[in-house]
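The structure appears right after this line, and notes come after that.
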Amino acid sequence: MAAFCGMVGREGQRFTRDYIAARVASIGPHGTRTIVHESAIAKGSIVSALRTDADGTGYAEVRSPAGDVLVFVMGDIRLDHRADLASQIGISVARSDAELVLTAYRRWGRKCLDKMSGEFAFVIVDIQKGTVVLGRDHTGARPLYYHRLPRRLAFSSSALSMSRAEGIGPVVDRRRVNEILGEREVSDRSIVQCVHALPPACGLWNDTNGSKVWRWWQTEDLKVRDRGSLEVHSNRLEETMSTSVQSCLRGSIAVGAFVRSDLASMAMLHDAVKQLDPQRVPAYAVAAPGGDAPSTLDLLSTLAERYPHVEPRSVELDGAGLFSGYEALWGLGAGPDPDPLGSLALRQVSAKAASDGIRTLLIADEGEEGFAADGPRWLIELALASRPIALFREAGAWGKTHHQTRATVFVRGVFAAPRPRKKVSFVDRAAIADLRRALALVRGVEIRDPSRSRKLIEHAHTTPQWWLRHRGNDRALARRALLHSLPPEIVEREQGSDPMPHWWEVLAQARSEIEREVAVMAEHRWSSDVLDVGALRKMVNRWPESTRKMSDDDADEYRRLLPATILLSRYVRWFEGRIWDPPVRESAPLPPLPMR
């Protein structure tokens, strides 16, 4: 793990090394190495700092024969499929991730991002050309923020670390508040006013002519390719998942896995166990009243019979701790959690893993987008591909499996099918990236997700949907890929869509704390002015006994909106309680950059 920040000044704008070093020290790993770099560039200067592991991971440079730095990179970088990139740029795969990034930049310029896969956020400073390039990975797994004025650009792993810079005060962005409560997908705003998140799969270029943002990857640009059979596609999927897990295991020690009952989680655990053999792998599953977690533990026990190195471990969710422990995460740059109930399992599993000595925790949160993707538009794609026989056969098979007539299948599969997937639906990725990064720093457990793999997602989006849903089976491709790897009890199990069906029981455990928080919010000026505290009070007063008669809208209000609003108020009160230096305001901040 690493953190970095810096400022670029043009036309006489300058900054001190001490200022930048102090900013990065507050958000980086404790007791580690800090690298501060100060350079003159075209019509200005740049000061940047990286706080990283003791071995300097995350930094690389190229010097002239005279010893002057020509170009350097610093960032939080973990690349996947390194051998492919190394062979293209002609260097040893043994080089560090930062060296691979820097060499790729020197060969392709800003187009180097097109060639990369993994989790990363970095800055490349080309002193010779006077340019600065920011890059963020395809899913936004590593956070990266920026702020710009007419003659300067600030960037950081954390929005909070920039809150004392020129043009940025300790002011909460109310529009971002509305986005959090409205569950808006990927946003370019941060909780700090005038600080913007660089969107996933985007880069930012800065030179003497100003700055511009461009998108270097999106799924809508991918073209579907039929490789001829379910077996060929499934073999490719199995191989891609295996290499993705292998990439996540590189450099890891004391590995554990947070497992749910879905196919992606089980595939991840299977590959990790095989590659780490004979090392034992603790597999954590949540156990809570009324949920499906006990069946997840049963599945883990079944898997352990085949692979003895799997160690099933149960984690009891404690709803009483729903809002606890966030202050330490906020201090390291995490913003308000848009779904505290949804992230409770990860927070408590990471705490349990840390107490067990685990240092790398594997998860598979994006499995529905990549490994276990389904194909709800399979009939439409068959029709567009002019395959009437296959269309008739697939509709009949689906109807037989799901007890529907062929006509009903046609109506639902064609006229009521969802719209085509235009882009990956990574919900509020910046907030999740901030939370996971802060959790890793607090717990000492790095969270890695092989299901985020760019190749896995690209495989799902380039595979015809009639192979994803085939012969009456949903997730047919994933089931076929796991046919010989996992027990049939796991492969053939009906996949549930709700990762936390026991949410009401967990929320009820926090009821007394919720009542106290709502009372405090009513006395807090910002909360009473901005948030609908009266509506929250009504929700608490009419607390239902169960969810049986609850509408979907009411369930969403209790499950997500109520805890998210309370946590947002707690964040703002914490935010206001910090000691701030008065911000210097010389110029009006500029709006976020449009993508090109």
Side-chain angles (χ1 to χ4, degrees), residues 80-81 117 139 230-250 252 255-277 279-286 292-293 295-312 349 360-375 447-461 463 467-470 473-497 499:
D80 292 338
H81 311 292
S117 176
T139 65
L230 181 66
E231 183 176 5
V232 172
H233 281 286
S234 66
N235 289 341
R236 185 177 177 86
L237 176 63
E238 185 178 15
E239 178 184 353
T240 305
M241 183 60 164
S242 179
T243 56
S244 299
V245 172
Q246 184 180 32
S247 294
C248 284
L249 293 176
R250 181 176 59 87
S252 63
V255 178
F258 175 23
V259 182
R260 297 187 175 96
S261 59
D262 58 273
L263 291 173
S265 285
M266 293 296 176
M268 170 197 71
L269 178 60
H270 163 264
D271 287 330
V273 169
K274 285 191 63 177
Q275 295 178 31
L276 292 172
D277 185 37
Q279 179 180 330
R280 304 188 70 83
V281 180
Y284 299 92
V286 171
D292 69 344
S295 64
T296 304
L297 291 170
D298 290 341
L299 294 176
L300 286 177
S301 298
T302 301
L303 187 62
E305 294 177 1
R306 179 177 293 193
Y307 302 103
H309 299 305
V310 174
E311 291 187 354
V349 166
T360 303
L361 185 67
L362 300 180
I363 62 173
D365 278 0
E366 304 298 344
E368 291 299 305
E369 193 63 45
F371 182 83
D374 202 3
I447 300 168
R448 299 184 181 182
D449 188 346
S451 68
R452 290 176 183 263
S453 166
R454 177 179 172 182
K455 288 192 174 183
L456 264 181
I457 295 171
E458 288 178 347
H459 182 275
H461 283 260
T463 299
W467 294 125
L468 300 176
R469 182 177 287 188
H470 183 60
N473 294 318
D474 62 338
R475 297 174 176 80
L477 195 60
R479 295 182 196 275
R480 177 64 181 80
L482 297 174
L483 185 62
H484 303 296
S485 302
L486 299 179
E489 296 93 327
I490 297 175
V491 177
E492 298 171 5
R493 182 179 184 274
E494 183 177 351
Q495 299 295 296
S497 58

Given 3.5 Å as the limit, does a donor-acceptor pair link the side chain of D262 with the main chain of S265, or not? yes
Please test C248 against D449 for side-chain contact (heavy atoms from CB on, under 4.5 Å), starting from the C-alpha separation and ending with a verdict. CA-CA 7 Å; C248 284; D449 188 346; over 6 Å; no
Please report the interatomic distance OG1(T243) to CG(D80), rounded to the nearest 0.5 Å. 8.5 Å
Taking the side chain from D374 and the backbone from R475, do they hold a donor-acceptor pair closer than 3.5 Å? yes
Taking every non-hydrogen atom, the tightest pair across G256 and V281: CA-CG1, 4.3 Å
Show your working on side-chain contact (heavy atoms from CB on, under 4.5 Å) between S453 and E366 and close with a plain yes or no. CA-CA 9 Å; S453 166; E366 304 298 344; over 6 Å; no
Are the charged groups of R236 and E231 less than 4.0 angstrom apart, N to O? no
Determine the minimum heavy-atom distance between L456 and T240, stating which atoms define it. N-CG2, 3.7 Å
Salt bridge E489-R493, side-chain N to carboxylate O under 4.0 Å: no
Strictly distance-based, threshold 3.5 Å: is any side-chain N or O of S242 a donor or acceptor partner for the main-chain N or O of E238? no
Compare all side-chain heavy atoms of L482 with those of F371 and state whether any distance is below 4.5 angstrom. yes
Shortest non-hydrogen separation from A372 to A478 and the atoms involved: CA-CB, 4.0 Å
Would a distance-only check, ignoring hydrogens and angles, find a side-chain to backbone donor-acceptor pair under 3.5 Å from R306 to S485? yes
Check for a donor-acceptor pair, side chain of S234 on one end and backbone N or O of A481 on the other, with a separation under 3.5 Å. no
Contact summary for S261 and M266, nearest pair of heavy atoms: CA-CE, 4.2 Å
Is D474 salt-bridged to R469, cutoff N-O under 4.0 Å? no
Atom pair OG (S244) and CG (D271), whose distance is rounded to the nearest 0.5 Å: 9.0 Å
Indicate the atoms forming the closest heavy-atom contact of M268 with A257, along with that distance. CE-CB, 4.1 Å
Of K274, Q275, R448, H270, which meets side-chain contact (heavy atoms from CB on, under 4.5 Å) against V245? Q275
Is any side-chain N of the basic residue among D365 and R452 closer than 4.0 Å to the acidic one's carboxylate O? no
Would you say P487 and L303 make side-chain contact, with heavy atoms under 4.5 Å? yes
Test log, rule side-chain contact (heavy atoms from CB on, under 4.5 Å), inputs T463 and L237: CA-CA 10 Å; T463 299; L237 176 63; over 6 Å; no
Nearest heavy atoms of L468 and L477, plus distance in Å: CD2-CD2, 3.6 Å
Distance in Å, L263 CG paired with L486 CG, rounded so as to fall on 0.5 Å steps: 8.0 Å
